[in-house]
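Side chains included, hydrogens not; waters and symmetry mates left out as well; all remaining heavy atoms used.
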Amino acid sequence: LSLYSSPARETKYVEDPQTQLEEGVSRLRHVMEPYTAWCQVQWFYITSGSGSVLRVELGFSFCSDFFSEGFEFLQNPPAGFYPRLGVIGFAGIVGLFLARGSKIKKLVYPAGLMGIGASMYYPQQAVAIAKVAGTQVYDWSLQGYIAVESLWKDN
């Protein structure tokens, strides 16, 4: 018999609340789920009579084709591809060094300098992208103007 009585224990499991990082990762995983599904290769295993396991691939993987095409392109690049890539990448690094201080500068400077470097080597593609971007910016500004105008008239 015990000389001392012990108090009754009441335990309760309490789950820790999610941090902002955990919530962000969770949202990112949910957004990326359709794209990661493309990359999954489904496997099933068949056991033979002798007990050995055979692996059989099912389906067709989108990612394997995408990466194999990219690998083939990098194995046989067009003439002058790597020097151009080096100049464009160096422009991005220079942009990072110039962007001291604000976070917006750290986004705008490298992207801007890389865009300028890429437009020097690929002017036709740069013009096409600029046309599409210009129409998008115009559409967004028009939608913003209409929204502000409707709010102004309602008040």
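- Partners of F90 according to the ring-ring contact (aromatic ring centres under 6.0 Å, His included) rule, which considers only residues two or more places apart in sequence or in another chain, do not exist here.
- Taken together through direct or relayed side-chain contacts under 4.5 Å among Ile, Leu, Val, Met, Phe, Trp and Tyr, V137 and Y145 form parts of separate hydrophobic clusters.
- At most 12 non-hydrogen atoms from other residues, nucleotides or ligands lie less than 6.0 angstrom from CD of Q20.
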Distance-only donor-acceptor hits, side chain of residues 73-86, under 3.5 Å, sequence neighbours excluded:
residue: Y82; atom: OH; partner: L74; partner atom: O; Å: 2.8

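- For the side-chain contact (heavy atoms from CB on, under 4.5 Å) test, residues two or more places apart in sequence or in another chain that qualify with L28 are M32.
- Every residue meeting the side-chain contact (heavy atoms from CB on, under 4.5 Å) condition with T19, not counting sequence neighbours, appears here in chain and number order: L21, E22.
- Taking a 6.0 Å sphere around CD of Q136, one finds it holds more than 12 heavy atoms contributed by other residues, nucleotides or ligands.
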Donor-acceptor contacts, no H, no angles, side chain residues 95-120, under 3.5 Å, sequence neighbours left out:
residue: R100; atom: NE; partner: F97; partner atom: O; Å: 3.4
residue: S102; atom: OG; partner: I104; partner atom: N; Å: 3.3
residue: S102; atom: OG; partner: K105; partner atom: N; Å: 3.1
residue: S119; atom: OG; partner: G115; partner atom: O; Å: 3.2
residue: S119; atom: OG; partner: I116; partner atom: O; Å: 2.8

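- For Y122, there are no ring-ring contact (aromatic ring centres under 6.0 Å, His included) partners two or more places apart in sequence or in a different chain.
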